[in-house]
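Let me begin by presenting the structure, written as structure tokens, before commenting on it.
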Amino acid sequence: MPSPPLSIVQSLSPRIAVLTSQDVIQSCEANGCRGLEELLRPWEGGAERVSILSSTLTPTIHPTFPLRFVSFESVYVNPTLSAPNPDITVDLISSFVGAKKPEEEQHYPLTRSLLLSSRPLASHETFNHPVGILYAVSTATLDPLGMLNKLHTQSTATAAQNVPWMDGNTVLRFYVVIHDISTMGDDMATAHELLANVKKAYGPHSTLLVINSQIEHREPPMSPDISTHSSIPLPRPFTPEQSNPSALSQVYASALSSLTLSPMAAASASLGETAVSNTPFSPSRPVRRKLYGSKLSAEDTQRLAALVRELVGQSLVPWMEARVREWNEVYHANRRGITGRLFGAGRKFFGSRPNSPAPGTSPTGYNAVKGYYPMSAVEALSRRLADFAFMLRDYKFAGGVYDSLRKDFAQDRAWRYAAGATEMYGLCQLLSHPFFLPSSPPTMKPIPFTNLQHVEITSWLEQAVTAYHQHAPATHIQLDALRITVLYYECWKMIGEWRAVGAALVKGAGEADEVPSAVMIEEAAAADVKGGKSSNGKRRRAFHLALAARRYETAGLKTYSRRCLERASQLYRISPWTSAQDRIEYSLGRQAYTLGESDVAVEHFLRLLRREDTGVPGSQAGPLQDMAQAYEQLAARPELLAESYEKLKLPTPVFDSEKTRIIPSSESSYSGKSREKWTELEGQVLSTWDRKGKKPMTLLPDAKRIVVGEGETFQVELVAVNPLNSPVVLTDITLTIDPTEDITVETISEISLEPYETRVISLSVTPSWASTIHLSNVTFLFHRFFPCVQALTKKGRRLHGTKAQRLNPTYAEDTSLTVNVTSSRAGLHVELEGFPDRAYAGEEVEGRIRLFNRGKTQVENVGMIWNHVGLIRRKEDTKHSDTPFSIPNLIQPNTVMSIYQDKISPGEEREIPVIITLSNPRIMDMLGLITFSNPGDDPQTFATTVSYQIESLPIINVEAQVRLCEKTPLEFAIILETTNMSSEILQIDGVKGVSPIWETNPVQSFETLFPNQVLRSIIPVKKELSTKTDLCQSATIEALSKLVQGQPLDEISASLDSSTSIAGPSISTDDLPSYLAARRSHRLQQLTSSFPTISSISLAKLFPLIEPLDLDLVIKYSISDRQGQIFIHSLHPSPAFSLVEEIRKTINIAIASGNKSTRTMYEETSRLRQVLMDSVLDGVLAKEDDPVQVRIRVGERGKVKHDFKQNVAKKLPVNFEISNSSPLLPVRWILKLPRPSTTSLDNTLSPAQYTGLLTRKGTLKAGEKEEVIADLWIHEPCSIDLGGWELSTETGDVVDGLDWVVRNSWNRTGDEKILHVEDIA
């Protein structure tokens, strides 16, 4: 049947003081015991199935009712010997826990036993006050009744003298007559006679005990195991058939070595300190031998157990029940009386009891000076009543008394009494759980408390613990708080209640850095993950383990501290709480280093060297230094180093194996994100192939297969990453290559990495013979002391061929670090020399391309192709300043430019001068392919890559505006504003124009511009009349017409002229390559944005390089001895006109007739076709501007003077000049002058009064103008608004010389123009 935990029942069981004669002590010493209390010790729990009446007279049978026998001297004569003081208790716990290994898991049982069994005699509770006194005299005593009377007198006198707050009179007195057969024989008549006399003199609580009946000599048994332990042995009495001297000796050895039953005796035996024994040491009481029960027979053990049962069942329990009933009447009478009620109310509302009694009166209340209640006080009696009820297991009744007492004690400010009553009140509520009822079946599953009940019980414990801690320094340990916490914890464990148990254990442990506190916190860590989901309390468990480890370490138990830290680290390693993990790992490392376990120390320090982006900068420098010291010790022990070699690995790799790559010298930059651009360049070379020999399938090396020649050096690019937040040094960096024969590998002596720095390093490898080699590892010394070997393995591509591969990720073998070494191979090493890192936009920079034949065969026909077309070209030996009359007008594809045709023998080198011209300001990645061939009848072509990055800096900013001149409609002026954007002084050397029809006069200004200075220039532009350029771009329009009508794009090509003439003096031959490159880039960008559905290759087939109406400006500048030029593209002096009207008509006719176009690739989606139609019919080619310009001229500068005295009125001619600025289209116009009006919206202006025809009209050919003169009537000085006229214009075509077909029309109203009329007078 269930019962409260035995540890609680035993520690709070009734205490019996044993007072015996010297003859009895001698009889006990014959069995290895120092007194009758030790002789009875194994049988303290021998009373079973004890019936106890509750306060309501309800009988209950309890499975056990243990007692605690102690010597009379340890309670009354010298109470300090009943239990050690707190410091000794803490030392004992520290000693016993430290003597056990952590893996034995005895730290909590030992602590629990010593805490519960070391409860001292105290005034605020009576659990350690003796409930009864057992008197024992021997039949061998000369005057046994006199001796018994002497013992009785001794007990009553001593109790009243030494301990004033302990009632030594109201106790059960039990008398025992001891008959020692070994000394008095087996004649029992004397013993029975003495027992009758004792009963006659002292009452029925008397009995006879026969011991030492083993008379026959027997071989002494082996010495028993007397090692201390925390268990509570409950042996059964021996039967004659079970008589075993060794077993009997071990029974006594276990009982006397139990820290729960005999804490002081076990401690003195273990530690060699007799002063802490339950029985004081004296010369007549020798140190206990390691042999027990040599005079006891099996019948003697039965008699001893029967004595305990008789004492409990017939004397102690009935006596305690009677006292509970008696004191209960006193307790209730005190609380029911009118005086008690009024006195209690007065204390509650008007203050507490006086701290000291009045002179001449006996104290009945709390003595605040001495800190206790006298025995006669009702509170003291009530506390003893509650304790008796608790020992009789009437927990509900005891709880009610404790509840009332805690309030009274709190009012009297007796804090220790209040704390004791509070803790017991909560414990009574806890033990009132149905699971602890004797009637509950053994298999009953505990029903948990409700949240409210559990919170209430926990609050009583917390109040008591807080009271204990508040009345002592925080650094002093409070055993009372620990003790009551253990009692609660034992109950919680038994019923499986784990809610907030860990927090309660930590609260009870306090802040003292002692072993008991550390044990309780470690137990809290175990409780954190019990009950509910075990994963919920992992973080609390780890924190409590770390806290316990710190206290263990402070107390000197480093093995336990280490065990806690290791358990905490296991939790933190799988969690994101890196700061706590680092602290734990560092503590473990330091402890291991102190204990000489250098391999374990290095292992812990290594875990601190993982990457932490949130750590304090520089915090990993300390662990790194400590690791160096630990590794120095480890290196001095080669055998231990060899054993731990596999475990000592850096947690974060230094080298990123995924970014490791092999770079043959022929492709120093052929990888990464630029690979697609290299492939694009390769395709451009092959698509424009014009070299001798068979066109190869590919020029670039196979990305999946790396090939080098014998003796050819290739580079291994490693990406080193410092994972620490402190600087590190890597030394002796080299590579492991399989096989290793005939291979030369570079070794880098030392590199330094700043915190979290990433650096790319290269190691050169030179194979000597043809073979296949594989890069396997990189070896280095980490921070100059820790040797590391890091594998450079990668995963290949994911395999999906089989079902198993699809279900379980399977990868092919990686070959990116495998190199195939061939016997002979043509090779060319290319280097760029003299190329600056930055230059100004448009600046021409000279550099050199150095060609070195690193292969074993000759090479020839070296050419180059770049991703930025025309920006790098070979420098010509001679300069040409002549001006060409025509320039190429096709968008040329990117082709290979020849730079060296002759042969280059192995080992020879050549330098090719080149010119770099930068474009718009930006950072430019220049990627190039250098092609070359080997001579012979069947030459093979190869290619090597070269890359270069340069920053183009802004030099000048140009803003251009076009204005119409007054001479002819086809003459314009371009106003340039040039701003120096650089920080240097520059000079504008000249401005030239490039256009098929627009002629400009070159400007040579040689103006000096300081930084941020602006230069304004005016450049006249006029149309060259002799040009025969096709302004309608008939070839392009015809091709676009086919395209929009559904003809496939790959079948369309415009019949474009290969060149176009240039109007007037223009760009020189030397400047032409730079201009063409810039023009090509601008033209492709312009066309791509206007026609997004047409590829750049097809655009080059449809459109010319320069449109007829385009005007480009070339602005030359110089800075000291450096020169450059900036290009302004696609200026349009004249109005634009639509080129796609014929296409629009064709489409409209097709739509009207309902014809369906042929299916083409653009019909894959209607959206793509619509985008194409919109870009052609509504794009830049369909733009058409109003070509008509109107100027009004009258008077001089807007003023007219007239003598109104002589001539009252006058007709003033107003000249309307109407010009057609279109270079191609005629226009028709209608001018409507405003009608006469007497009102004006503006009172300050007079409306214009025109006479004659108010509507004029006419037709203008391309480039023509016409003047219309209208008469303005003025009759007084005023300001006249000449605006408000209306002009309607339309462009069109004359069909067959008769019909006018309108293309587009516009309407406008003249803006305000003020004419001031003044009187001469």
Side-chain angles (χ1 to χ4, degrees), residues 10 13-47 66-79 81-83 117 121 127-138 141 144 147-159 162-163 166 168 171-180 198 202 205-212 252 255-256 258 261-265 277-282 284-285 288 292 296 300 303-312 315-316 319:
Q10 178 67 37
S13 61
R15 207 175 191 199
I16 306 298
V18 179
L19 182 59
T20 65
S21 63
Q22 188 64 33
D23 295 333
V24 175
I25 295 176
Q26 292 177 358
S27 298
C28 295
E29 288 177 347
N31 293 290
C33 300
R34 299 181 185 180
L36 182 60
E37 70 278 2
E38 290 191 357
L39 192 67
L40 294 172
R41 187 63 46 75
W43 321 109
E44 289 178 342
L67 301 176
R68 290 181 292 164
F69 293 104
V70 295
S71 66
F72 182 85
E73 291 86 347
S74 66
V75 179
Y76 291 102
V77 178
N78 191 359
L81 297 179
S82 65
S117 61
L121 278 173
F127 286 108
N128 268 18
H129 297 193
V131 177
I133 300 177
L134 189 150
Y135 301 93
V137 294
S138 175
T141 305
M147 176 58 68
L148 197 58
N149 185 40
K150 181 179 178 181
L151 295 176
H152 192 277
T153 304
Q154 176 187 351
S155 64
T156 55
T158 307
N162 289 349
V163 188
M166 184 171 63
V171 294
L172 170 69
R173 301 184 188 275
F174 192 80
Y175 304 92
V176 180
V177 175
I178 306 293
H179 183 73
D180 188 349
V198 170
Y202 296 102
H205 298 298
S206 307
T207 190
L208 174 64
L209 177 63
V210 180
I211 59 173
N212 296 346
Y252 272 92
L256 296 175
S258 172
L261 300 179
S262 307
M264 297 298 98
S277 175
N278 285 28
T279 304
F281 172 77
S282 64
S284 63
R285 295 184 178 187
R288 183 189 301 117
Y292 305 100
L296 297 179
D300 292 339
R303 296 185 189 104
L304 290 169
L307 171 64
V308 175
R309 288 195 297 271
E310 180 182 350
L311 172 60
V312 171
S315 298
L316 183 61
W319 183 84

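If you read the sequence from its start, that first residue is 1, and numbering goes on from there.
- A distance of 5.0 Å separates OH of Tyr76 from CE of Met166, quoted to the nearest 0.5 Å.
- In terms of heavy atoms, Ser315 sits closest to Phe174 at OG-CE1, 3.4 Å.
- Using bins of under 30°, 30° to 60° and over 60° for the plane-to-plane angle, the ring pair Trp43/Tyr252 lands in the perpendicular bin.
- When all heavy atoms of Ser27 and Asn31 are compared, the pair lying nearest together is O-ND2, 3.3 Å.
- Partners of Pro144 according to the side-chain contact (heavy atoms from CB on, under 4.5 Å) rule, which considers only residues two or more places apart in sequence or in another chain, are Val137, Thr141, Leu194.
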Passes side chain to side chain contact (heavy atoms under 4.5 Å, CB included), Ile16 versus Val70? Steps please.
CA-CA 6 Å; Ile16 306 298; Val70 295; over 6 Å; no
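- Note: Leu19 CG to Ile133 CD1 = 7.5 Å, rounded to the nearest 0.5 Å.
- Checked by atom type, the side-chain pair Asp23/Ser138 shows no donor-acceptor distance below 3.5 Å.
- Taken from CZ in Arg41 to SG in Cys33, the straight-line distance is 9.0 Å, to the nearest 0.5 Å.
- Distance CG/Leu208 to CZ/Arg303: 9.0 Å, rounded to 0.5 Å.
- Residues Asp300 and Val210 share a closest heavy-atom pair of OD1-O, 3.4 Å.
- Looking only at side-chain heavy atoms (C-beta outward), Ser155 and Arg173 come within less than 4.5 Å of each other.
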Evaluate the side chain to side chain contact (heavy atoms under 4.5 Å, CB included) criterion for residues Asn128 and Arg68: first the C-alpha distance (whole Å), next the side-chain angles of each, then the deciding distance (0.1 Å), finally the verdict.
CA-CA 9 Å; Asn128 268 18; Arg68 290 181 292 164; 2.9 Å; yes
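- Across every non-hydrogen atom of Leu316 and Pro14, the tightest pair is CD2-CB, 3.9 Å.
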Between Asp180 and Gln26, does a side chain to side chain contact (heavy atoms under 4.5 Å, CB included) hold up when you go through it step by step?
CA-CA 10 Å; Asp180 188 349; Gln26 292 177 358; over 6 Å; no
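- The shortest heavy-atom contact between Ala136 and Val24 is O-CG2, 3.8 Å.
- In this structure, OG1 in Thr20 is found 6.5 Å from CG in Leu36, a value given to the nearest 0.5 Å.
- Residues satisfying the ring-ring contact (aromatic ring centres under 6.0 Å, His included) criterion with Phe127, sequence neighbours excluded, are Phe390.
- Applying the ring-ring contact (aromatic ring centres under 6.0 Å, His included) test to His129 and every residue at least two apart in sequence or in another chain returns Trp165.
- The side-chain heavy atoms of Arg15 and Leu121, taken from C-beta on, include a pair separated by under 4.5 Å.
- Using a 4.5 Å cut-off on side-chain heavy atoms (C-beta onward), Gln10 and Glu44 make contact.
- Minimum interatomic distance between Ala47 and Arg309 (heavy atoms only, all atoms of both residues): CA-CG, 3.9 Å.
- Annotation: the span from His205 atom NE2 to Trp319 atom CH2 amounts to 9.5 Å, rounded to 0.5 Å.
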Where do Val177 and Leu148 land on the side chain to side chain contact (heavy atoms under 4.5 Å, CB included) test, with the steps shown first?
CA-CA 10 Å; Val177 175; Leu148 197 58; over 6 Å; no
